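Because the structure is a prediction, the values reported are computed rather than measured. We're numbering straight along the sequence, starting at 1.
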Amino acid sequence: MSCYFLVIDFLSSKKGQSLETQVLVSDVILTIMGLFFCFVGFLGKKESEETLLLQETLLNGVESNKSNAGEIVASCSNASVFSILTFSWMGNLIGLGYKKALDLEDVPQLTGVDSVKGAFPVFRNKLESDSGSGRRITTIKLVKALVSATWKEILLTAFLVLVYTLASYVGPYLIDTFVQYLNGSRAFKNEGYLLVSAFLVAKLVECLAQRHWFFRLQQAGIRARAVLVAMIYNKGLSISCQSRQGHTTGEIINFMSVDAERVGDFGWYMHDPWMVVLQVALALVILYKNLGLASVATLVATVLVMLANVPLGRLQENFQDKLMKSKDKRMKGTSEVLRNMRILKLQAWEMKFLSKIIELRNAETGWLRKFMYTNAVTSFVFWGAPTFVSVVTFGACMLLGIPLESGKILSALATFRILQEPIYNLPDTISMIAQTKVSLDRIATFLCLEDLQHDVIEKLPRGSSDTAIEIVGGNFSWDVSSTNPTLKDINIKVSCGMRVAVCGTVGSGKSSLLSCILGEMPKISGTIRLCGTKAYVAQSPWIQSGKIEDNILFGREMDREKYDEVLEACSLKKDLEILSFGDQTVIGERGINLSGGQKQRIQIARALYQDADVYLFDDPFSAVDAHTGSHLFKECLLGLLGSKTVIYVTHQVEFLPAADIILVMKDGRITQAGKYNDILNSGSDFMELVGAHKEALLALDSTVAGSVSDKSTIGKENGGECDKKEEAGHGQNGNTDDIVGQKGQLVQEEEREKGRVGLSVYWKYITTAYGGALVPFILLGQVLFQLLQIGSNYWMAWATPVSKDVEPPVSGSTLITVYVALAIGSSFCILARALLLATTGYKTATILFNKMHYCIFRAPMSFFDATPSGRILNRASTDQSAVDLNIPYQVAAFAFSMIQLLGIIAVMSQVAWQVFIVFIPVIATCIWLQQYYIPSARELARLVGVCKAPLIQHFAETISGSTTIRSFDQEPRFRDSSMKLIDGNSRPKFYVAGAMEWLCFRLDMLSSITFAFSLVFLISVPTGTIDPSVAGLAVTYGLNLNMLQAWVIWNLCNMENKIISVERILQYTSIPSEPPLVIEENRPDSLWPSHGEVAIQNLQVRYAPHMPLVLRGLTCTFPGGMKTGIVGRTGSGKSTLIQTLFRIVDPAAGQVLIDGISISSIGLHDLRSRLSIIPQDPTMFEGTVRSNLDPLEEYTDEQIWEALDKCQLGDEVRKKEGKLDSTVAENGENWSMGQRQLVCLGRVLLKKSKVLVLDEATASVDTATDNLIQQTLKQHFSDCTVLTIAHRITSVVDSDMVLLLDHGLIEEYDSPSRLLENKSSAFAKLVAEYSTRSNSSFEK
C-alpha cells in the first residue's frame, strides 16, 4: 500500500500543489481494494488450512469417514454467496493439491444435479416423451432433451453474457472523454475520479460475469457429455446383433470418447452467435457517437469479413468429417491388431499389419493436412480483420471529410479491438457448430439403430408351466432381409428338468439355435415360450477384467457354501491355490492371464452360481482336456444341475447318451431328434458323427490292445488317482499363473507421471519436426506482427490532433497511406506464421505417430499381456487427436500471448514508467498464484486422462459380452457401474474447470489493480506533462491488460494440461523392444530348416528376471520328420515350451537348435516365418478370405484355392458371392468357430513349413472335422516335424513319440507303444482314463 501513497504524495508535493481531494480519493479506492484482497487471500488460506486439518484427521481415522471428508469439500453446493462469487470453495482442493499429489479419493463427489444419476432420468424422459411411439430419435429431439437437462445454466449464462458485453464497452465509450480530460477540458470538479471509478467498476463487473459464465457453461457441458455417454452405453447394451455388425466396437467407442466429448465442449460456443450480433451493434453505437456516418463503412467491412468466413467454415467442416471417418477406420484396425497381437507375432506378420495401420493413417493425415492449412488461412483472415476494418473506417472518414482527432481514433481502435474477438471466434463458432452437428447426427443415427426385438420370447414366470422351452414353427435369420433363414422350421418342446444335447457338423446352426432361445436372433415367424430364468455359457469365454470372485458372483450376494460347491464342481479349487491371490486375483483384459480352460470353467461357475431354471451351454467342454471335461460333465450337468433344464451343444459324442433327447442339426434344420439308441439306427447324419468318434476310439483301442484287459478294475484303480491330480484346464499361456505370483497382480494400475511436466517433453515436442528449424521463424513472424500493429496504432495516435483547433502534423493522405502499409505488412506476417505453424504441427504429429506405433508393434508379448488394450487405444485416439489438432495451436498460443503481453507492458511503461512500481509486485503475485494452482490443476488433468480409460474399457467389455449380460438379465447392474465410471470421469473435469476460474478470478482482480493504478496516476499528473494522445493509447491497451494477462496464464495452464498427451505418447516410444527381426550377418539360407530336427539343450525359461523358472532344464531332441505329442497337466510347461520355440519368451539358459542353428542367433522374422503354428484360439481378421490366408501377399490365387480345397473350405467359399474376395467381419464373426479353425489350417498348408506346431488345434470342432484335420495333416505333413499339444488322447496316440511334462521337467519321453506296455507309466494311465470314460458314456 505504502508505495501507492508514496508515489502520489511524492509527485504532488514535487509540483508544490495541494492535492488533498485527489490524494484522499485515490487512497480510499486503493485502501478498499487492498482490504478486499487481504480478506479474500486470508479467507482462502484459512479455509484451506481448516479443511486440511479436518481431512488429515479423518484420513488417519476410519475409512468410512473419507466420504464425509469428500462431502465437506464438495462445498460448491453449500458455499456462501461470497465464496461462490470468488470461487473460494475451490481453495481447499487447491491447497491440498499444493501439499501432495492429488488422487481420485481427494476429489470430492459431484452434487445431485451434476452427477449422471441426477441428470440422466430428466434427459431420458424428455427424449422418450418426444420420440413417442415413432421411436425415431432425430438430432432436434436430442438437442431438446439436452436443453431440458441444462436449461438453468443456459439461462443464467445468457444473462451473464449480456452483462459482460455491456460492461466491456464502457471503456471504449469513455476513452474519448478521458483524452479530452487529460487535454484540460473539465466538465465538473473531480470528473477524473468519476471516470476512473467508472472504468474500474465496469472492469470488475466484466470480470465477474465472464468467470461465472465460463464456469457455468463448462458445468453444463460436462453434464451434457455425461448423459450422452450414459445414453450411448445403454444403447450399446440393447442393440441387436444385426445392427452391431454395421458398427465395430471401435466406432461405438468413438461415439463415446470423441462425439459426446465434442458436444460437451460446445458449451463454450453456445452463446456466441447472438453475442456477435449484440457486440457489433454496440460497437456501431460507439463509433457513430465518435465518427458519425463513417460507422456505416465499419458495418459493411465487418459483414464482409464475416462472409469471407462462410466458405472457409464449409471447407473445414467437410475436412473435419472426412478426418473423423478415416480416424474411425484406423481405430478399428488398431483395436483388431491389438486383440490379435499374439497371432501376428507367431506368424511374423506384425510389420505387415503395422504398414496397414500406417496406410490408414496416411489417408487420415491427408485430410489432416488440408484441415490445418484451411485453418491457417482462416486465422490469417481473422488476425487481419481489425486492421482491415479500421483501414476502411478511417478511409471513409477521409472521404466524408469527418475530422479525425486522437481521442476519437483511440476510442475507435479500442472498439475495433473488442470487435476483433467476436469476428475472431466466429470461424471457430461456425466450425464448432458444424462439428457438433456432425457429432449429434452420428449419435442420433446410432441411437436409431434397431434394438433386439423384445417380443421374440414369451416369458412365463417360474413354475407356471411344466414346459421349460417350446418353439413352434420357428424360422430365424441373422439377416432379416435374406431369403434363406439361418434356422428353418424349428419345432421343439422341452419339459422342465430335461437334458437336451445338440450336435451336428461345423456350421450347421447349433450356436444359432441357442441364440434364438436367448432371444438374440431376429424371428421371422413362429413362437417361443420360455419358463423361468436362464443362464448361458458362451462358446468363446467372456470374462470381465476384475477379480475372479466378482466374475463368478456376477452381481449376486456371496453365499460361501454354495460358492465353494460351485468351485468344487468346476474344479477351480486347484487353480485358485496356484494363483497367489486366490479368487482375489485380478484378471487382465479378456482374461489374458488365464488359460483357455480356466476361462471356460470360470464361465461355467458363473452360470452355476446364478441358480437359474434353464441352462444353455454352447460347447464349453471343448477348451478343457478330456479328464476335466468328463469331470465337469459329471459334476455340473449330471450333479448340480441334475434337476434343471439343460440344453448343451457338444462335439464330443461321449456326452450324448446321457441326454434325454438329442437334436441333430444340419443346414439350419433339426434333422433328427430322440434318444441316443433310437436315432443311431434311423438316420445318416448322426451315424457320421458317431462313426467318426468310433473310428478314433478303435484306433486308440488297437494301440492299447492288451493293455486294457479289465476296464472296470483299471477304472477303480485309477479313480482314486485321477481325482488327486485334478486336471486344471490348459491354455495358450498355461503358465501365466506363475508370472502373476511374483510381481503381485499382472495388470498394474495405469502409470501416470507425477509432478511437473519436464521441460524435456516441451523440448522434444518443439524439436521433433525439422529439428525445430521453423520455430524461430514462427516467433519472428509474431514479433514483427506485434511491432507493426503497435507501430500503426502509435502512428494514428501521434499523427492526429488532440482536438479540432490543433493543426495536424501530417496530411490526410500520408496518414492513411502509412497506416495501410503497416496494416498490410502485419497481415502478411500473420499469414507466414500461420502456414509455418501448420507445417510444423502436421510434421510433428506424423513423426510422433510413427514412432509410437513402431515401438508398440515391436514390443515384446509381455507388454501386451500386462497392458489393457484400452490404454494403448486411448493413446492412439485421444492423445493422438490432441497432438494432431490442439497441441500445436496451444503451444503457439502461449508464445504469442506472451509476446502480446510484453508489447502492452512496453506501451504502458512508455507513458508512465511508474506503472512498474505496481506492475512488479502484481506480476510476482500472479506467478505465485499460478505456481500455487498448477500442481492441483496438473494432477486433476492427469486424473481426467486416467479416469477415461476404465470407462472406455468397461464399455468395450460390455459390448463384447452383451449376449452374456442379457442372458443373465444383468443390464441394470452394468448400467449402474457405467454411471459410476462416468461420474468418476466427470468429477476431475468439473474441478479442473473450478480451479481454472479460481485462478482467473484472482488474476483479473490483480490486473484491475494495475489498470486502476495507472489511471489514477494519469489523472494525478498535472495537465501538459504527458502527451494526451499517447496517454490515451496507453489506456486503450491497458483496457486489454486483464484479458491478456489472464490469457497468458490460461494458455500456460492449458498447455501444461494438453502437453500431457505428448508425454503419454513419448512414454510409449520408449518401450523396450524385442530382439531384432533380421540379423543381416546371420541369416539362415532360404531352404532352412530342410530337415526339421529340433534339439533342446538344458533349456531353462522364466517369464521375467525376478520370477521362478517355468522350464527347469529340459534336454531332448525331436527327430526331423516325426510326429511328437506333448502332454501334461496344466502348469507343466507345455505352452511355455512352444512359446520358447517361437521366442515369444527367450530362454534364461540353455538353447534350442533347429537343424543345428541356434534359434537365438537369428532374427525373429527369419525364425517365425519358417515355423508354422495352428494356435488354440482360431483368429480371423477383418478383410477378405484372401487377406486372411495370405496377408503378406506371397501366393497366387491357384495356390490359395488349392489350400482351401485341402482344408475342406473350398466349396464353402465358392458358394459365397465374392469368392476369395468375400468379406470377413471383425474377429471373423460371420464364420463359425470350426470354420475359423479350418482357415488357420489353410494358412499352414499355404506356408508348408518343415516344423509345424499344433496348440490344441482341434478343441472347437466336432470329431468328424477333427479327423478330417488329422488326415489332412498326415497327408500333407508326412515328412515334417509336427509337435502337438493335445487334450484328446486320440490325437497323440498315433504319433511317433510322446513327451510327458511335469512341472517343467521331462517325466517320460518315448514312443507311445513302449509307454503303453509299461502299465505304471503316467501316459498309460492317461490313456486308460480316456478310454474308460469314452466307453462308459454317461448313461443315466
Side-chain angles (χ1 to χ4, degrees), residues 44 47-48 50-51 54-55 58 64-97 102-126 145-157 160 211-231 260 264 267 936-937 939-941 943-944 947-948 951 975-998 1001:
E47 269 187 25
S48 63
E50 273 174 18
T51 319
L54 232 170
Q55 272 196 315
L58 284 172
S64 67
N65 286 7
K66 207 177 253 187
S67 63
N68 301 359
E71 271 134 42
I72 291 169
V73 189
S75 50
C76 101
S77 48
N78 49 18
S80 65
V81 177
F82 179 75
S83 168
I84 287 178
L85 275 182
T86 58
F87 292 99
S88 302
W89 53 270
M90 275 301 301
N92 310 330
L93 190 62
I94 293 173
L96 182 65
L102 290 176
D103 287 315
L104 196 57
E105 295 81 71
D106 304 321
V107 180
Q109 293 298 336
L110 293 175
T111 49
V113 71
D114 283 314
S115 72
V116 189
K117 290 192 180 63
F120 184 61
V122 182
F123 172 75
R124 196 184 46 211
N125 297 342
K126 177 73 178 155
L146 283 171
V147 169
S148 75
T150 53
W151 66 271
K152 285 185 187 153
E153 279 72 17
I154 294 176
L155 285 181
L156 176 65
T157 48
L160 290 170
R211 296 283 60 94
H212 285 275
W213 153 34
F214 280 0
F215 178 67
R216 295 289 170 195
L217 275 185
Q218 284 185 78
Q219 191 180 355
I222 290 170
R223 195 180 310 162
R225 185 190 132 275
V227 292
L228 280 176
V229 172
M231 196 73 201
S936 314
E939 292 315 318
L940 283 169
L943 280 174
V944 171
C947 292
K948 195 170 175 177
L951 176 63
R975 287 195 187 110
D976 267 5
S977 51
S978 115
M979 286 195 170
K980 282 201 186 73
L981 287 167
I982 294 171
D983 271 347
N985 189 9
S986 301
R987 259 159 61 198
K989 268 201 156 93
F990 178 82
Y991 288 97
V992 162
M996 187 84 242
E997 300 312 326
W998 176 91
F1001 175 78

Looking only at heavy atoms, which two atoms of A226 and S986 are closest? And how far apart?
CB-OG, 4.0 Å
Test of understanding: with side chain to side chain contact (heavy atoms under 4.5 Å, CB included), list the residues that count as partners of A224, not counting sequence neighbours.
L146
Across all chains, not counting sequence neighbours, the salt bridge (Lys or Arg N to Asp or Glu O under 4.0 Å) partners of R225 are E261
With a 4.0 Å cut-off, would you call R211 and E997 a salt bridge?
yes
Taking all non-hydrogen atoms of both residues, which atom of D114 and which atom of L110 are closest, and how far apart?
O-CD1, 3.9 Å
Quick one: closest heavy-atom pair of N985 and V944, and the distance?
OD1-O, 3.7 Å
How many angstroms lie between atom CD1 of I982 and atom OG of S977, to the nearest 0.5 angstrom?
9.5 Å
Give the minimum heavy-atom separation between I94 and S936, together with the two atoms involved.
O-OG, 3.0 Å
Can you confirm whether R223 sits close enough to V113 that some side-chain heavy atom of one is under 4.5 Å from a side-chain heavy atom of the other?
yes
For the student: nearest non-hydrogen atoms of L104 and R987, plus distance
O-NH2, 2.8 Å
Sequence neighbours excluded, the answer for side chain to side chain donor-acceptor pair (under 3.5 Å) partners of R975 is N234
If every non-hydrogen atom of A220 is compared with every non-hydrogen atom of T150, which pair is closest and at what distance?
O-CG2, 3.7 Å
From NZ (K989) to NZ (K948), nearest 0.5 Å
6.0 Å
Taking the side chain from D106 and the backbone from L93, do they hold a donor-acceptor pair closer than 3.5 Å?
no
Atom pair CE (M979) and CZ (F120), whose distance is rounded to the nearest 0.5 Å:
5.0 Å
Report the relative orientation of the aromatic rings in F87 and H212; use parallel for angles under 30°, tilted for 30 to 60°, perpendicular for over 60°.
parallel
Roughly how far, to the nearest 0.5 Å, is the NZ atom of K980 from the OG atom of S115?
11.5 Å
Scan W89, W998, F1001, Y991 and name whichever one has a ring-ring contact (aromatic ring centres under 6.0 Å, His included) with F215.
W89
Calculate, to the nearest 0.5 Å, the distance between atoms CG and CD belonging to D103 and E939 respectively.
8.0 Å
